[in-house]
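First listed ligand is number 1; within each ligand, the first listed atom is number 1.
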Amino acid sequence: MTSRLLTIDKRKRAPAPWWTRAVVYQVYARSFRDCDGDGIGDLRGVLRQVDYLAELGVDAVWLSPVYRSPQDDNGYDISDYQDIDPLFGTLGGLDQLIAALHERGIKLLMDLVVNHTSDEHPWFAESRSSADNPRRDWYWWRPARAGMEPGTPGAEPTNWGSLFSGPAWQYDTATGEYYLHLFSGKQPDLNWENPTVRRAIYAMMRWWLDRGVDGFRMDVINFISKDVRADGSLPDGPVSGLSGPYGDPGKGTINGPRVHEFLQEMHREVFAGRRDALLLVGETPGATVEDGLLFSDPRRGELDMVFTFEHVSLDQGPGGKFDHTPLDLRDLKATLGRWQAGLRDAGWNALYWDNHDQPRIVSRFGDDGAWRRESATMLATILHLHRGTPYVYQGEELGMTNAHFTSFDCYRDIESLRHVAQSRERGSLSDDQILAGLAAASRDNARTPVQWDASPNAGFTTGTPWIAVNPNYRLINAEAERADPASVFHYYRRLIALRHQDPVVQLGDFTMLLPEHPYVYAFTRRLDGTRLLVLGNFSGSDQTVGLAGHLDSGAELVIGNYPEPAQPLDGSVTVRPWEALVLRVTHPW
Ligand code: NOJ
């Protein structure tokens, strides 16, 4: 008891960073709003919607990559870090967007993709041009495996598979060597071992901060240090049914030996002296809670928070991402509860359900049919009431659903298309099985255009959209949502306002309740004498739960997603289908 009181006391004295009170909104510009009629969203489209973002109440925008890019991976393959792709606009247009957001008190975070560049980046063009080019060592070039004929199957320097299917090494006939690409062959990995590479990246980052951006979302930032041996070789990875015939590159590439050293150096070189108003969030697939603490403990000077992947991997079967299996709510509670506990005293959580790589949460963990509004708002309540900074992905605040595509030609995403090709080549799955996997897990579920209104193409474009608009746009769209006070949109507004106002939501301690209940997610948040009790029903039927000691008759409703909230009775409460409830209990202690 004493130590808890001390912790609370310490927290009261230390001024909490602004992002403990903030909600971040992710814009995937390609699918946000198109203003020039080419069917692809652009910066003018984002500019046009800044008042919408202000109405929602978000504090910062994370803008997915709009840099110059051949668009092999929709901009996560950058050929010029200091220019905007003409598809999206110009540098002047970005300046205008920054100014318009700042005028409304909204910050802008750029996506920083520095584990790899495009193969069309001039750095790579030089590196590839000859084995003795000064930029050769900016990327990972390696000869064929000893004793093997270069360019033949199995001669790759390691057995690693790429995250987008196929081998992680591309043979280059010009010099007879291979380069590493953990993602597509058009995304060669930069060699962070080389200090000149690091210096070039830091200079670029300072240039963006000088231009007025307020921080970065750092793409796969825990992949930047590879486990390279003294002789320059890299280790093979274990081969499993899942990765075969390739080896898993994880051990040699994720959370590598120098990752913390590199991030601390970046902090000193880029953020020192101007860091307080900024936000640095790392994307860290494969990071454990212990890693998350190392990355986000402020005393270490690395990042402010990281995105965990553990909770979005719980509905994957043994066959991996596209082998969908139903979520067991107990696993979700155990996972998120572990992250809450692990970052209780230091570090910070980035909270998310959706982003441009994940299926839509209402279709994934909710019910996007009869209970769409209730389940979307219940899921939002659970997420936003955790301790951490919530991220909202465009359209999530409208309760947008998965694409429900039924044919291969609807898909655009490189990861999905590679998966189809590889599965067909292996012949282990029928086309129907492959389509079912894509329908559940494809990244394109999140990438259909934002549904603005009921006009053709949901008001996204006057041209032909680059990916089909979800036909449910006539019912689900921003105009309809804004007009309905009981909508998902207005519920998100209330949740965002609650985080701005309520210190318990911002900083309260988190305690998970009912860890073994299969359908009800329950926890408390506590700060000083105030406790919030949060309940969410992850099912389409009534659930009665006993919470003696946590409920009292004087509890005040903070927010709920039914017009008449469930009433606690004798230490128990019955929550209705997909109901969410937040109650405030004030203790005399
Ligand atoms: C993570 C990004 O979120 C994803 O969209 C991208 O394909 C990979 N990193 C590679 O940059």
Q | R136 to W141, cation-pi by 6.0 Å centre distance and 45° axis angle | A | yes
As an exercise, identify every atom of ligand 1 less than 4.0 angstrom from a heavy atom of [X].
| X | answer |
| --- | --- |
| F164 | 7 (O) |
| E283 | 1 (C), 3 (O), 9 (N) |
| D357 | 1 (C), 2 (C), 3 (O), 4 (C), 5 (O) |
| R443 | 4 (C), 5 (O), 6 (C), 7 (O) |

Q. Does the gap between the ring centers of Y81 and H121 come in under 6.0 Å?
A. yes
Q. So, for F164 and H181, is the gap between ring centers shorter than 6.0 Å?
A. no
Q) R258: what forms a salt bridge (Lys or Arg N to Asp or Glu O under 4.0 Å) with it, not counting sequence neighbours? A) E193, E261
(Q) Could you check whether any heavy atom of H116 sits closer than 4.0 Å to an atom of ligand 1, since that is the contact criterion I want to use? (A) yes
**Q.** M218 touching ligand 1 at heavy-atom level, < 4.0 angstrom
**A.** no
Q: Run through M205, M204, M218 and flag the one making a side-chain contact (heavy atoms from CB on, under 4.5 Å) with V114.
A: M204
Q: Could you tell me whether K321 and D323 make a salt bridge, using a distance below 4.0 angstrom between a side-chain N and a carboxylate O?
A: no
**Q.** CD-CD1 distance between Q187 and I78, expressed to the nearest 0.5 angstrom
**A.** 9.5 Å
Report the part of [X] (side chain from C-beta onward, or backbone N, CA, C, O) that has a heavy atom under 4.0 Å from ligand 1; answer both or neither where that applies.
| X | value |
| --- | --- |
| E415 | neither |
| F223 | neither |
| Q358 | neither |

When you measure from [atom] to every protein heavy atom, which one gives the shortest distance, and what is it?
| atom | answer |
| --- | --- |
| atom 8 (C) of ligand 1 | F183 CE2, 3.7 Å |
| atom 6 (C) of ligand 1 | D73 OD2, 3.3 Å |
| atom 9 (N) of ligand 1 | D219 OD1, 2.9 Å |

Q.
Taking ring-ring contact (aromatic ring centres under 6.0 Å, His included) as the criterion, tell me which of Y393, Y52, W452 meets it with F32.
A. W452
